[in-house]
Amino acid sequence: MEKITITLPDGSKREVEKGTSALDVAKSISEGLARNVLAAEVNGEVRDATRPIDDDATLKLLTWNDDDGKSTMWHSSAHLLAEALEELYPGIKLGIGPPIENGFYYDVDFGDHEFSSDDFKKIEQKMLELAKEKNEYQRQEISKQDALDYYNKKGDEYKLELINDLNDGEITFYTQGNFTDLCRGPHIPNTGFIKAAKLLSTAGAYWRGDENNKMLTRIYGITFPKKKELTEYLEQLEEAKKRDHRKIGKELGLFTFSEKVGQGLPLWLPKGAALRERLEQFLKRAQKIAGYEPVITPHIGHKDLYVTSGHYAKYGEDSFKPIDTPNEGEEFLLKPMNCPHHCEVYKSEPKSYRDLPVRYAEFGTVYRYEQSGELHGLTRVRGFTQDDAHIFCTPDQVKDEFKKVIDLVLYIFKTLDFKDFTAQVSVRDPKDHSKYIGSEENWEKAEQSIIEAAKEKELNYVIEEDEAAFYGPKLDFMVRDAIGRKWQLGTIQVDYNLPERFELEFTGSDNQKHRPVMIHRAPFGSMERFVAVLTEHCAGNFPMWLTPEQVAILPVSEKYNEAAEELSKKLNNSDIRALVDDRNEKIGRKIRDNELKKIPYMLIYGEKEIESQSLAVRKHGEGDLGTMPVDKFIEHVQNEVQEQTGTFNG
RNA sequence: GCCAAUGUAGCUCAGAGGUAGAGCACUUCCUUGGUAAGGAAGAGGUCACGGGUUCAAUUCCCGUCAUUGGCUCCA
């Protein structure tokens, strides 16, 4: 028998017979491992663990701990869902059923069947019943004609359409139990791996995402190899619901919306405004240290400005309509971005290479016509404020500027306790450089600069090809919040387009005119979105330095209200944001209510404290901390704020 | 923008073809208290908006607006 060599991730090599499957290799290592193998990565390609390996190969066994293992399991689960649905609703037609980040879905045409989410239980039970049969997922290569014949017989026009787009020779079917599906794979060895299944929601989805096509019923679900993991997942969903910034924003009085003002236009309430201003001050201070110069530009701009920038041609039709001046009939646009304005700021005076880099910063409020169905709390709105800045520099300065911006972003993440984040570097499509503006040389330099900057700053980064904008490469920060959800926050983008379009120049040391490079950057992204993400990240328990109200003084009875007011003044004079809960309520009630308001410190204030000149301190979520002298408490709070905001060295 | 669901008091929600309900919040009074809900009384709604059906519509139908979940989009 012919032998092949399998190389495992740890570098160890095994001689096995040709045609051995990844699962066999796993078994030879340990039965326990074999029981957990969902799929295999063979020479970098994810495939069925049961498929024979015919040549020397590197092999990684994929389990539930690997993203590819999870998605293989969920892909197989989509098939299991389809099998259950076919048994319960004979004659249905199937669209596609892929895995997604958290689970999977299947698009189904139920035809005449009545279907509602009330049937979820029934379907879940059927899925688990079928899973118990431990049916193997069997791969079968099939000719295009045979595949078409199969679905013609079945009468499923969706699958026929999919097959028609495929080439003969690359078509495979997978069968488990009584269900066969057109599928590229890969799949888990058998349905027995699926121990828990939950259908989560339904939604309408057009066939192939095209609104001219028929709407299918999309059923979302998720499965797990252990029942306990499903329970935990459902708990996490509950937790996410509790942390929803729309709910917390309402409870804490941060922001609201009004139908009269218009959809997607947030109104910041006093406490939300206080929070946001604090964030802005925080960034302004750091930006000053980092050499940014604040500028202020208007909320509207002449249409020509956007014609020049190219935004009008690209987005004009999808924007708010222009505003006309009554007499001259000139057209102005609500500004959808700050950069064209900043380009004009740059042009206000001739620039020398000695001036560069110049860094213009502005908390600029912009308005974009987002489709009504896209609006969502503060994360997707029509009017929002970017913590925008534009850096104009020479191509040689790009790397240094990137490093500086990365420092700033890292300072923010550290201060706000975002510990888990990655950077995504978006570069050109390596196969086609023609769709990008700017010279080959500059692009090459910029992409390298970004990658080197990321490397030197020791960022955990991935490079995404073909994700760059037409005008330049970029680096985006993706953070994971306290309950594991991913958000895209800060962004740093190189732009060759606008300097070109606005004919920006500087005089070089050679006394010749040169074109600067522009870097857009927004560490928060937008204040709205950032506050939303931060709210969910900390579940409304904002850090001391940021929270609108830091200390609640709770007089034990109305007799002490006046003394409590005095104390409040003293604290406020020490830059501590304190309030007095002088309601005619018992102390227990005041504690409860202020706990719910998530105020970090409560001071129970009565006869004892007044006499002893001390404070009974209670911390949110922790309880009674005992007593301390007033001055010590002030110092304690001030230190806490100081520690939280730290220092930034630019 | 498209599909679906939802829209009742400040909030969370119940309700039914015949003049609208609860809890919390709010106001007043009683109570003056020591670490997560003291008691009583009161006030508060054009049942999203506009049409239609009906003797009668907040309830049924249509449209609009908004919200939610998806789809598509995101400079």
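Applying the ring pair (Phe, Tyr, Trp, His ring centres under 6.0 Å) rule to His537(A) yields the partners Phe418(A); only residues at least two apart in sequence or on another chain are considered. Not counting sequence neighbours, Tyr346(A) has no partner by the side-chain hydrogen bond (donor to acceptor under 3.5 Å, both in side chains) test. Partners of Val630(A) according to the side-chain contact (heavy atoms from CB on, under 4.5 Å) rule, which considers only residues two or more places apart in sequence or in another chain, are Leu567(A), Lys570(A), Leu615(A), Ile634(A). Taking the ring pair (Phe, Tyr, Trp, His ring centres under 6.0 Å) definition, one finds that Tyr233(A) meets it with Phe224(A), sequence neighbours left out. Shown here are the side-chain hydrogen bond (donor to acceptor under 3.5 Å, both in side chains) partners of Lys335(A), two or more places apart in sequence or in another chain: Thr297(A), Asn338(A). With sequence neighbours excluded, the residues satisfying side-chain hydrogen bond (donor to acceptor under 3.5 Å, both in side chains) with Glu239(A) are Arg243(A). For Ser201(A), the side-chain contact (heavy atoms from CB on, under 4.5 Å) partners two or more places apart in sequence, or in a different chain, are Tyr220(A). For the side-chain hydrogen bond (donor to acceptor under 3.5 Å, both in side chains) test, residues two or more places apart in sequence or in another chain that qualify with Thr385(A) are Arg276(A), Thr365(A).
Look at C47(B): it lacks any Watson-Crick or wobble partner with both distances under 3.5 angstrom. Base pairing of U19(B) is not made with any nucleotide, judged by Watson-Crick or G-U wobble geometry with both donor-acceptor distances under 3.5 Å.
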Which nucleotides of nucleotides 9-14 of chain B have their base under 4.0 Å from a protein heavy atom (B), which only their sugar-phosphate (S), and which neither (-), written as one string 5' to 3'?
--SS--

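For the pair His376(A) and U67(B), the criterion of a side-chain N or O lying under 4.0 Å from OP1 or OP2 is not met. Note on Arg380(A): every side-chain N or O is 4.0 Å or more away from OP1 and OP2 of C74(B). Between Lys590(A) and A36(B) there is no side-chain N or O to OP1 or OP2 distance below 4.0 Å. At the phosphate of G69(B), neither OP1 nor OP2 sits under 4.0 Å from any side-chain N or O atom of Arg218(A). For G69(B), neither phosphate oxygen OP1 nor OP2 lies less than 4.0 angstrom from any side-chain nitrogen or oxygen of Ser201(A). The phosphate of A75(B) has neither OP1 nor OP2 within less than 4.0 Å of any side-chain N or O from Tyr369(A). When the side-chain nitrogen and oxygen atoms of Gln263(A) are compared with OP1 and OP2 of U67(B), one or more of them lie within a distance under 4.0 Å.
No engagement by Ala469(A) is indicated, since no non-hydrogen atom pair under 4.0 Å with the nucleic acid exists. Counting any heavy atom pair closer than 4.0 Å across all strands shown, Glu607(A) reaches a base atom. Nucleic acid contact for Lys586(A): base, since at least one base atom lies under 4.0 Å from a heavy atom of the residue.
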Please write out the pairs of protein N or O atoms and N or O atoms of nucleotides 48-51 of chain B separated by less than 3.5 Å, giving the distance to one decimal.
none

Which protein N or O atoms sit under 3.5 Å from an N or O of nucleotides 39-41 of chain B?
none

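Atoms NZ (Lys597(A)) and P (A37(B)) sit 17 Å apart, rounded to a whole Å.
Remark: Phe421(A) CZ to Phe477(A) CZ distance equals 7.0 Å, nearest 0.5 Å. Distance CZ/Arg428(A) to OH/Tyr436(A): 8.0 Å, rounded to 0.5 Å. In this structure, Met518(A) CE and Arg501(A) CZ are separated by 13.0 Å, a value rounded to the nearest 0.5 Å. Separation of atoms NE2 (His79(A)) and OH (Tyr106(A)) is listed at 5.5 Å; rounding is to 0.5 Å.
Comparing Arg246(A) and Glu370(A) by the nucleotide of RNA chain B whose heavy atom lies nearest to each, the residue mapping closer to the 5' end is Arg246(A).
Taking the charged nitrogens against the carboxylate oxygens, Arg359(A) and Glu401(A) do have a contact shorter than 4.0 Å, which makes a salt bridge.
The stretch residues 549-556 of chain A comes close to RNA chain B through Val556(A), each having a heavy atom under 4.0 Å from the strand.
In this model, a side-chain donor or acceptor of Glu609(A) finds a partner on the base of G34(B) within 3.5 Å.
Side chain of Arg577(A) to backbone of Thr547(A): a donor-acceptor contact under 3.5 angstrom is found.
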